[in-house]
Amino acid sequence: MRVLVIHGANLNLLGEREPEVYGTQTLAEIDAELLRTGKALGMEVRCVQHNSEGAIIDALHAARTEYGGIVLNPGAYAHYSYAIADAVASIRIPVIEVHLSNVAAREPYRRRSVTASACSGTITGFGAGSYRLALRALREMLEK
Ligand code: DQA
């Protein structure tokens, strides 16, 4: 069971970026934790981060034949990227959208995700735990 975790825009700065919102863990620390969680769940996890929309779309396309599922945090692209939404809709493997922060409780423009409707489900507001929960959700989906 191979899973790709795609971190989107500005998530490379986790740890120093608005720690009161996104926590103090760096992306490298989160990724190391996800690899461990994946291993415990019997999943092979790979993590990538891209700031540009096109690179995220390319990663989604490339993953469709290589992975069983995807965990995607598009960052702010979630709120306006129809191109990423189309890319998710174009591939057949399940994609779970995650957000560290509880976007439903933040600024109005963050309350809407245009990418979420193309995804199998969304997990938001649990900090780095959102990614771990998404791995568990994917495992349940892929086991069926
Ligand atoms: C985020 C939420 C987005 O609104 C924001 O633009 C991000 C991070 C999150 O993980 O909470 O970059 O996706």
Side-chain angles (χ1 to χ4, degrees), residues 1-41 43-64 66-142:
M1 209 181 270
R2 301 186 73 211
V3 171
L4 181 66
V5 177
I6 304 175
H7 305 283
N10 299 306
L11 295 167
N12 53 311
L13 294 185
L14 285 178
E16 56 180 282
R17 173 190 180 202
E18 300 177 83
E20 65 288 354
V21 180
Y22 300 116
T24 54
Q25 269 187 304
T26 64
L27 190 64
E29 288 167 347
I30 291 173
D31 285 349
E33 216 172 74
L34 290 176
L35 261 56
R36 282 197 296 274
T37 303
K39 210 170 175 183
L41 293 170
M43 302 166 118
E44 192 188 319
V45 176
R46 178 161 180 258
C47 303
V48 295
Q49 188 274 331
H50 299 292
N51 283 318
S52 73
E53 191 179 24
I56 294 170
I57 292 168
D58 288 341
L60 287 163
H61 291 178
R64 76 190 195 283
E66 301 287 321
Y67 293 88
I70 297 176
V71 175
L72 170 67
N73 183 349
Y77 290 127
H79 311 305
Y80 64 92
S81 176
Y82 297 110
I84 290 178
D86 279 352
V88 172
S90 301
I91 61 176
R92 291 177 189 278
I93 59 174
V95 179
I96 311 270
E97 178 165 316
V98 307
H99 296 281
L100 294 136
S101 62
N102 181 5
V103 284
R106 297 184 64 194
E107 301 95 321
Y109 74 89
R110 291 188 205 276
R111 291 182 197 155
R112 175 162 172 260
S113 167
V114 301
T115 47
S117 56
C119 293
S120 300
T122 309
I123 300 174
T124 74
F126 299 96
S130 295
Y131 290 98
R132 291 195 297 274
L133 291 166
L135 287 182
R136 287 179 194 282
L138 261 184
R139 200 183 71 150
E140 281 204 17
M141 288 185 73
L142 294 174

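The shown structure was predicted, so the numbers you read here are calculated from the model rather than taken from an experiment. One-based numbering, in listed order, for ligands and for the atoms of each.
- Taking only nitrogen or oxygen atoms, main chain and side chain alike, Leu100 reaches within less than 3.5 Å of ligand 1.
- Close approach to His79 involves these atoms of ligand 1, each under 4.0 Å from a residue heavy atom: 3 (C), 4 (O).
- Closest protein heavy atom to atom 1 (C) of ligand 1: His99 ND1, 3.6 Å.
- The proximity of Arg17 to ligand 1, defined as any non-hydrogen pair under 4.0 Å, is limited to the side chain.
- For the residue pair Glu53 and Asn51, no side-chain donor N or O sits within less than 3.5 Å of a side-chain acceptor on the partner.
- Rounded to the nearest 0.5 Å, atoms OG (Ser52) and OH (Tyr77) are 6.0 Å apart.
- With a 4.0 Å heavy-atom cut-off, ligand 1 is reached by the side chain of Asn73 but not by its N, CA, C or O.
- Short contacts between ligand 1 and Tyr22, defined as distances under 4.0 Å to a heavy atom of the residue, involve ligand atoms 5 (C), 7 (C), 8 (C), 9 (C), 11 (O).
- With hydrogens left out, the protein atom closest to atom 11 (O) of ligand 1 is Ser101 OG, 2.6 Å, a heavy atom.
- For ligand 1, the polar-atom distance check against Val98 finds no nitrogen or oxygen pair separated by under 3.5 Å.
- A side-chain contact (heavy atoms from CB on, under 4.5 Å) with Ile96 holds for exactly one of Leu133, Leu135, Ile123; it is Ile123.
- Aromatic ring orientation, His99 versus His79: parallel (interplanar angle below 30°, classes split at 30° and 60°).
- Contact between Asn10 and ligand 1 is absent, with no heavy atom of the residue lying under 4.0 Å from the ligand.
- Summarising the geometry, atom CD1 belonging to Ile56 is positioned 7.5 Å from atom NE2 belonging to His50; distances are rounded to the nearest 0.5 Å.
- With rounding to the nearest 0.5 angstrom, the CD1 atom of Ile57 is 8.5 Å from the CG atom of Asp86.
- Here the rule is side-chain contact (heavy atoms from CB on, under 4.5 Å) with Leu14, and of Thr24, Thr26, Leu100 only Leu100 fits it.
- Within the 4.0 Å heavy-atom criterion, neither part of Thr124 lies near ligand 1.
- Contacts between Arg110 and ligand 1 below 4.0 angstrom, taking non-hydrogen atoms only, involve the side chain exclusively.
- Considering CD of Glu66 and CG of Leu4, their distance stands at 10.0 Å, rounded to 0.5 Å.
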